[in-house]
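Small disclaimer: the values here were computed from a predicted structure and weren't measured.
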Amino acid sequence: MTRRPNIVMILTDDHASHSIGAYGSVVNRTPRIDEIAENGWRFDNCFATNALCSPSRASILTGTYSHVNGVTTLVTPIDASQPTFISQLREAGYRTAMIGKWHMGDGAGHDPQHFDYWDVVIEQGEYWNPRFLSADGLRTVEGYATNIITDLALNWVDSLDGDDPWCVLIYHKAPHRPWEPDDKHQGMYADPVPLPETFHDDYATRSSSARRAAVRLAENLNEEDLKLAPPEGLSYDELAIWKYQRFMEDYLACVASVDDNVGRVIDWLRQRGDFDDTLLMYASDQGFFLGDHGWFDKRFMYEESLRMPFVLSYPRRLAAGAVFSDMVTNVDFAQTILDAADVPHHPRMQGRSFWPDLLGTPGQPPAEGIYYRYWEHDDKFHKAPAHYGYRTERYKLIYFYNDGLGLPGTGPFTYPPEWELYDMAADPHELRNVYDDPAYREIREDLKAAMWREQARLGDKPHRSQPRPAGV
C-alpha cells in the first residue's frame, strides 16, 4: 500500500508570480521557491477566482466559489463549520494544523475549525511582534512574523507522536502591505529595480471603471508604505518612479525572507527523511501589480492580479522539473489535495481535480475557460469596481457591473456598466480593449454566451444589468 503523503501548503499574501525566479523574474531571485518547482511542477496558468485575500483563502480551503462559501469581501467572515479539504483529511485520519494568516474573521463561528491545532494572526497581522490567537487566547510573540510562523509550524509537526499522516498550513502575512522587511534583508534591493514595460500605460482604451480605482503608485502609496518623504521638486512621472523604487525595495526584501523560510521547510523535511513523501505546495492567494500599468494592489481581472504562482513537489509520485500549462484555479486545490491523499471529495466542492493530470491519467478534459468575480465594489481604500468575467486560453471578457449589492465592505455608489475585451495573443499586456472593434464582434458574443453558461453551471447569478446573450 502506498504511504499517504504528508501535506504542507505554504501560502503567502500578494506575491506576484513575476517576482519568482521560476516564473522568469527580472527583479529578484527566489532560489528556494524555485527548488520546489525543480523537484516537481510549475503551474503556468493558475488563477484566482476572486483576487482578494479573504475570498481566495476561503476558496482554497472549501473548494468553492465566493457565492457558495459566503466570503465575498474582506469583511464577510467565513462560516468555519462548512466542509473543507481539512475536514475531509481529518476525518480520514490526518493530523491537521493551521498557523499564520487566517484572515477570514475571528470569534465564535469564524475561528479555524477542523484543525487539531491552530495559531493565527489577527486580521492582517503585524510584521514585528505579531499577536497570535489560539484556542488558549491572544498573546504577543516577539520577533519577525515570517520566521515565527515557520517556527510554530515546524514545532507542531515535531511534537506529534505516532505514524499518522499530517497536514500543516503555513500561511504568511508577507509580502502584504505595508512591506516591512526583517533586519537581514533590509536594503537588499536598494539598487534601481527595472520598470515594467507597462509602467506608463495611459489607459487610452480602458473603461472609466478601471480608471476610477485608487491603485496608482504615484497617487495612492502613503507615508506608511514609503517610510520616508520623497525628494522635493519631482515631476509627476519622476515621483511615480521614485515611489515604485521605494515600494519594490521593501516588497522584494519581504519576499526574500519568505524564500529563506521556504528553504527552512525544505531543509527540515529533508532532515526528517520526509521530503520525498510530502506533497509540498507554494502559492500566493492572488497576484499583485508591481508597477504594471502604473499600479500596485490586486482586485482586477487583469493578468498580474489574476495569476497566482503555484509550484508543488511530491517526489515519490510526481516527475521533477515539469510544467503544467492548462488553466487551473484556486477552487481546484481542495479536490486535488484530497485526490493526492486518496481521500474522498465533499460533494459540495466545485473544482476540477488536476491530480490525475499530474499522474498522466487525466479523468476530465481541460477547462475551456475560467470564471472570475470581484464583489468588493468601490471600497473606501481602493475604489475598485465590481466585475465578473470569463478567460479562455486566448481571450478575456470583463463586465464591470459597478454595484456593491449592499454587501459589507462595498461603497454606496453605483455606476453605469461597462465591458472590456482583450486578445491576449495579439496583446499580452492587455493594453488595447477591443470590445467595440467590429473584427471581434463574433468572438465577443460567443464569450458572453460561454460566461452565461458557466455562471449557470456554478450557480452564480448574472447582474440584473446584463442582457441575456443571444442563443442561451
Side-chain angles (χ1 to χ4, degrees), residues 6-16 19-21 28-36 53 57 97-103 112 115 117-134 136 138-160 166-190 224 227 248-272 274-275 278 280-285 288 309 311:
N6 299 315
I7 299 166
V8 178
M9 177 183 283
I10 304 173
L11 187 74
T12 47
D13 199 319
D14 295 348
H15 190 189
S19 60
I20 294 176
N28 69 329
R29 298 178 61 196
T30 53
R32 303 314 302 271
I33 297 171
D34 300 348
E35 190 174 334
I36 301 176
C53 308
R57 289 158 189 270
M98 163 73 216
I99 295 99
K101 186 169 183 178
W102 175 248
H103 200 208
F115 294 96
Y117 170 74
W118 57 275
D119 206 351
V120 297
V121 297
I122 296 295
E123 297 178 350
Q124 291 287 358
E126 300 88 11
Y127 275 101
W128 290 99
N129 305 327
R131 295 168 299 151
F132 278 83
L133 178 68
S134 71
D136 296 327
L138 188 64
R139 74 194 191 283
T140 298
V141 181
E142 298 291 318
Y144 190 67
T146 309
N147 300 331
I148 294 167
I149 289 166
T150 305
D151 291 342
L152 292 171
L154 305 191
N155 290 343
W156 174 77
V157 177
D158 284 338
S159 75
L160 297 177
W166 44 265
C167 171
V168 60
L169 308 185
I170 308 175
Y171 280 18
H172 292 294
K173 170 187 174 62
H176 191 281
R177 194 180 192 182
W179 314 299
E180 296 175 6
D182 64 6
D183 295 335
K184 175 183 176 182
H185 300 97
Q186 190 78 245
M188 182 178 180
Y189 290 96
E224 183 186 19
K227 305 172 188 70
M248 289 294 284
E249 179 179 340
D250 285 350
Y251 177 93
L252 295 175
C254 290
V255 169
S257 179
V258 168
D259 193 65
D260 281 358
N261 278 276
V262 169
R264 289 181 59 202
V265 175
I266 293 171
D267 294 343
W268 169 81
L269 285 169
R270 291 191 189 280
Q271 289 162 9
R272 288 172 55 93
D274 283 339
F275 183 78
T278 297
L280 172 62
M281 296 165 280
Y282 179 88
S284 177
D285 50 8
F288 207 70
V311 294

Next on the checklist: Is there a side-chain contact between F275 and I266 in this structure, where contact means two heavy atoms from C-beta onward sitting under 4.5 Å apart?
Outcome noted: yes
Checklist entry - Any side-chain heavy atom of H185 sitting closer than 4.5 Å to one from L252? => result no
Checklist entry - Which pair of non-hydrogen atoms, one from D250 and one from P181, has the smallest distance, and what is that distance? => result OD1-CG, 3.6 Å
Checklist entry - Is there a side-chain contact between R177 and Q124, using heavy atoms and a 4.5 Å cut-off? => result no
Item to check | Nearest atoms (heavy-atom pairs only) where V121 meets P130 | outcome: CG1-CB, 4.3 Å
Item to check | N6 side chain to W166 backbone, donor-acceptor under 3.5 Å | outcome: yes
Next on the checklist: Can you confirm whether D119 sits close enough to R139 that some side-chain heavy atom of one is under 4.5 Å from a side-chain heavy atom of the other?
Outcome noted: yes
Next on the checklist: Does either side chain, that of H172 or that of N261, offer a donor lying less than 3.5 Å from an acceptor on the other one?
Outcome noted: no
Item to check | Where D182 and S257 come nearest, the two heavy atoms and their spacing | outcome: OD2-OG, 3.4 Å
Next on the checklist: Donor-acceptor check, side chain of T278 to backbone of L280, threshold 3.5 angstrom: yes or no?
Outcome noted: no
Checklist outcome for this item: Scanning both residues in full, the closest heavy-atom pair of S284 with L11 reads C-CD1, 3.6 Å
Next on the checklist: Please verify the inter-ring angle class for F288 with W179; under 30° counts as parallel, over 60° as perpendicular, anything in between as tilted.
Outcome noted: perpendicular
Next on the checklist: As an exercise, state the distance from CD1 of I99 to CH2 of W118, rounded to the nearest 0.5 Å.
Outcome noted: 12.0 Å
Checklist entry - So does E126 have more than 12 non-hydrogen atoms from other groups sitting under 6.0 Å from CD? => result yes
Next on the checklist: Between D274 and L269, does the side-chain contact (heavy atoms from CB on, under 4.5 Å) criterion hold? Intermediate values first, please.
Outcome noted: CA-CA 5 Å; D274 283 339; L269 285 169; 4.0 Å; yes
Item to check | S159 and Y117, any side-chain heavy atoms less than 4.5 Å apart | outcome: no
Item to check | Expected output: side-chain T12 to main-chain A174 donor-acceptor under 3.5 Å | outcome: no
Item to check | Any donor-acceptor N or O pair under 3.5 Å, side chains Y282, H15 | outcome: yes
Checklist entry - Nearest 0.5 Å, what's the CZ-SG distance between F115 and C167? => result 7.5 Å
Item to check | Within-4.5 Å side-chain heavy-atom neighbours: D14 and C53 | outcome: yes
Checklist entry - Y127 and P178: which non-hydrogen atoms are nearest, and at how many Å? => result CE1-CD, 4.0 Å
Checklist entry - Can you name the residues that form a side-chain hydrogen bond (donor to acceptor under 3.5 Å, both in side chains) with W268, not counting sequence neighbours? => result D158
Checklist entry - Can you check whether W102 reaches L133 side chain to side chain, under 4.5 Å on heavy atoms? => result no
Next on the checklist: Any salt bridge linking D260 with K184? Criterion: basic side-chain nitrogen under 4.0 Å from a carboxylate oxygen.
Outcome noted: yes
Checklist outcome for this item: So CE of M9 and CE of M98: to nearest 0.5 Å the spacing works out to 10.5 Å
Next on the checklist: Is there a side-chain contact (heavy atoms from CB on, under 4.5 Å) between D13 and K101? Walk through the geometry before answering.
Outcome noted: CA-CA 9 Å; D13 199 319; K101 186 169 183 178; 2.7 Å; yes
Next on the checklist: To check you understand the geometry: which heavy-atom pair defines the closest contact between E224 and K227, and what is its length?
Outcome noted: O-CG, 3.4 Å
Checklist entry - Is R32 salt-bridged to D259, going by a charged N under 4.0 Å from an acidic O? => result no
Checklist entry - Roughly how far, to the nearest 0.5 Å, is CD of E180 from OH of Y251? => result 15.5 Å
Item to check | Test: D34 and R29 ion pair at under 4.0 Å | outcome: no
Next on the checklist: Strictly distance-based, threshold 3.5 Å: is any side-chain N or O of T150 a donor or acceptor partner for the main-chain N or O of T146?
Outcome noted: yes
Item to check | Side chain to side chain, L152 and W156, heavy atoms closer than 4.5 Å | outcome: no
Next on the checklist: To the closest 0.5 Å, what do you measure between CE (M188) and CG (N28)?
Outcome noted: 8.0 Å
Checklist entry - Within the distance-only criterion (no hydrogens, no angle test), does the side chain of N129 pair as donor or acceptor with the backbone N or O of G143 below 3.5 angstrom? => result yes
Next on the checklist: Working to the nearest 0.5 angstrom, can you tell me the gap between T140 OG1 and I122 CD1?
Outcome noted: 10.0 Å
